[in-house]
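All remarks here apply to the structure that follows.
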Amino acid sequence: MFKTLGKRSVLRAGYAVVIGVLVLSAVEAYRIQVNVSQQHQEIYRRYVDQEEQVNTLRRNLWQAGNYVRDFFIRTTPEQARILRSQLDALQAEDARALEYLAHMSPPRLVSPDIRKSLNEFWAVLNPVPVTMLRASHDKQYDFIQREIVPRRGELYSALLDLSAADKQRLQDDDREFAESRRQAAEHLLLMLGLSVLLCVMVALFSLHHAENLERQADRNYAEVEQTKRELQQLSARLLEIEEEGRRRLSRELHDEIGQTLALLQIQITNALAGLQGQPAALREQLERARSLAERTVQTIRNISLLLRPALLDDLGLVPALQFQLEDFLRRSGIACEFVEENVADHLPDTAKTCIYRVVQEALHNCEKHSGASKVRVTVRQLPDVLAVEVEDNGRGFQLNEKGMPRQTKGLGLLGIRERAIIAKGSLAIDSAPGKGTRIALRIPLDAPAVETAPLETKEVTA
């Protein structure tokens with residue numbers, strides 16, 4: 001018992017570990033998926049933000065040159081104020097872009113040369129609205145070609161290099177991301193492999209345990225079947241001993257005690273005949289003695305018939321059943337109908353004894369419990385089976401799931417079912433409240449009977 005409990009505990013623990021590992025694997029897979037998604041979004045968001053700020057710097061370079069060109073086309077104080085405000089706005093936007101790049105996570109380092117060039121570029125452009133307001137066109141053109149174009153080209157190239165570095169960094173981040181994703185997948189595969197290994201171990205242990213339980217169940221079933229066969233053999237032997245004892249006792253009662261009492265009755269009758277003219281008191285005593293002997297002889301015969309009728313052994317099954325029904329009619333007053341078809345005179349002792357006892361028990365129950373007014377007994381011999389039916393029109397009873405009465409205190413029906421099993425036959429009981437009762441018995445025959453009789457229906461009368 002403790003061994004079984006230990007195996008059950010191991011199985012429960014194994015299942016719990018497998019379920020736990022699977023749950024952890026699912027949680028880990030979800031965590032990896034979330035982290036991967038967040039990391040991927042962060043990489044591309046940072047790259048897009050960096051590119052946006054660098055593009056702002058490049059765009060402002062070209063716009064600053066364009067604003068100065070427009071100012072040189074129309075050099076007026078009003079246009080100078082507009083250029084001043086435009087340059088201030090572009091310079092402030094560049095400052096914000098540089099500040100944003102400096103505070104990114106991780107921070108994007110802008111080289112000091114770029115910062116210096118930007119500062120120099122804006123230092124050159126800031127005085128233009130004032131210094132170039134009265135300048136000639138040649139001087140303005142010379143200023144653009146000498147100061148703006150070279151600086152702007154240099155800064156633009158540096159910013160392009162910065163964009164290329166951002167792209168390279170994006171590729172490096174993608175490689176790192178792919179490596180981290182590979183490591184996470186390997187970790188997850190390791191957990192899943194552990195889960196599969198545990199599942200296989202638990203499944204093998206479960207199969208082994210199930211096979212052991214199945215073998216134990218088979219052994220228990222075989223033992224139960226063996227015990228059942230032994231009990232059936234014992235029951236058959238006990239019934240055989242009981243029938244043999246009944247047969248001997250019936251013979252002894254009929255042949256010895258019955259014959260002796262019959263002789264005593266004859267002697268009393270002869271004594272009465274020789275006492276003509278004797279006192280009446282003496283003759284009266286002898287009459288009482290003869291009457292007592294007659295009743296005793298009848299009682300002995302009834303007991304002998306109840307134990308085992310000599311008709312069953314001497315004349316066969318059909319005469320014994322006919323006599324049984326006649327006696328039943330005399331006792332109970334219930335009308336009886338007997339039908340027999342092709343029943344041989346010589347049947348196996350086991351079969352005819354079983355049929356006789358089943359009919360006897362059915363008639364006894366009918367007389368005692370059914371309240372029926374009519375009983376029909378049918379015996380048919382088929383090529384390989386003897387079929388017997390006892391049917392009445394009594395009050396009936398409720399059957400349970402095993403086909404037996406729900407409320408019964410006796411063992412009569414169980415006894416006749418056991419007899420049917422011992423005879424390798426089957427017994428079926430069909431009944432319902434208010435619909436009578438039908439008992440059907442089928443006993444297989446080893447070989448077809450040689451002697452048969454035509455169908456005969458007899459109404460049993462007293």
Side-chain angles (χ1 to χ4, degrees), residues 235-251 253-254 301-332 334 336-368 370 375-382 385-392 410-429 437-446 449 451-453 456-458 460:
S235 178
R237 180 57 182 164
L238 291 176
L239 288 176
E240 182 181 350
I241 294 173
E242 179 186 359
E243 289 296 334
E244 182 63 26
R246 285 171 174 264
R247 183 184 292 108
R248 290 181 180 179
L249 184 57
S250 176
R251 291 289 184 183
L253 288 175
H254 184 272
R301 288 176 178 174
N302 292 337
I303 293 174
S304 177
L305 288 173
L306 287 176
L307 289 172
R308 184 176 178 91
L311 290 174
L312 188 61
D313 297 320
D314 298 336
L315 300 180
L317 177 63
V318 173
L321 290 178
Q322 289 176 344
F323 182 81
Q324 187 182 61
L325 286 169
E326 291 172 359
D327 182 65
F328 172 77
L329 177 61
R330 284 193 298 270
R331 292 195 321 269
S332 64
I334 299 175
C336 302
E337 182 181 359
F338 178 61
V339 179
E340 62 91 13
E341 180 180 354
N342 298 330
V343 181
D345 293 335
H346 301 288
L347 294 171
D349 185 68
T350 302
K352 65 182 182 181
T353 301
C354 178
I355 293 173
Y356 183 83
R357 294 303 181 191
V358 168
V359 174
Q360 185 181 48
E361 178 65 25
L363 293 177
H364 173 74
N365 291 335
C366 177
E367 179 184 3
K368 187 176 180 181
S370 72
V375 178
R376 177 185 175 93
V377 179
T378 304
V379 183
R380 292 185 176 89
Q381 182 172 343
L382 304 175
V385 71
L386 274 170
V388 181
E389 291 184 2
V390 181
E391 187 175 4
D392 65 51
L411 300 176
L413 293 178
L414 290 176
I416 62 176
R417 175 159 285 182
E418 184 66 22
R419 284 182 179 272
I421 293 174
I422 292 172
K424 308 299 181 184
S426 62
L427 183 77
I429 302 175
T437 303
R438 174 179 169 272
I439 297 177
L441 172 67
R442 295 176 69 86
I443 298 178
L445 296 174
D446 295 336
E451 300 181 17
T452 59
E456 182 179 354
T457 303
K458 300 179 181 180
V460 180

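Note that the structure is a prediction, hence the values are computed from the model and not measured. Heavy-atom basis, side chains included; hydrogens, waters and symmetry copies ignored.
Atom CD1 of I421 and atom CD1 of I416 lie 11.0 Å apart (nearest 0.5 Å). Between the CG atom in L321 and the CD1 atom in I355 there is a gap of 7.5 Å [rounded to 0.5 Å]. Note that CG of N365 is 9.0 Å distant from OG1 of T437, once rounded to the nearest 0.5 Å. Atoms CD and SG, on E418 and C354 in that order, are 10.5 Å from each other to the nearest 0.5 Å. The structure places CG of L441 at 8.5 Å from CG of L386, a figure rounded to the nearest 0.5 Å. Here the CD1-CG distance, from I439 to L427, works out to 6.5 Å after rounding to the nearest 0.5 Å.
Considering only heavy atoms from C-beta on, V390 stays 4.5 Å or farther from V358 through its side chain. Looking at I443 and P348, their side chains never come closer than 4.5 Å, going by heavy atoms from C-beta outward. At least one side-chain heavy atom of T378 sits less than 4.5 Å from a side-chain heavy atom of R380. Using a 4.5 Å heavy-atom cutoff, the side chains of L363 and V375 are in contact. Put simply, the side chain of E326 does not reach to within 4.5 Å of the side chain of L329, judged on heavy atoms.
The two residues Q324 and V359 make their nearest non-hydrogen contact at OE1-CG1, 3.2 Å. Residue A320 comes nearest to Y356 through the heavy atom pair O-CE1, 3.8 Å, listed as atom of the first residue, atom of the second, then distance. Taking each heavy atom of P319 and G316 in turn, the nearest pair found is CD-O, 3.6 Å.
Salt bridge R376/E337: present, at least one basic N to carboxylate O contact under 4.0 Å.
Residues meeting the side chain to side chain contact (heavy atoms under 4.5 Å, CB included) test with S426, sequence neighbours left out: R442. Shown here are the side chain to side chain contact (heavy atoms under 4.5 Å, CB included) partners of T350, two or more places apart in sequence or in another chain: A423. Annotation: salt bridge (Lys or Arg N to Asp or Glu O under 4.0 Å) contacts of E389 (sequence neighbours excluded): R438.
Here the side chain of Q381 pairs a donor or acceptor atom with the backbone of A344 at under 3.5 angstrom.
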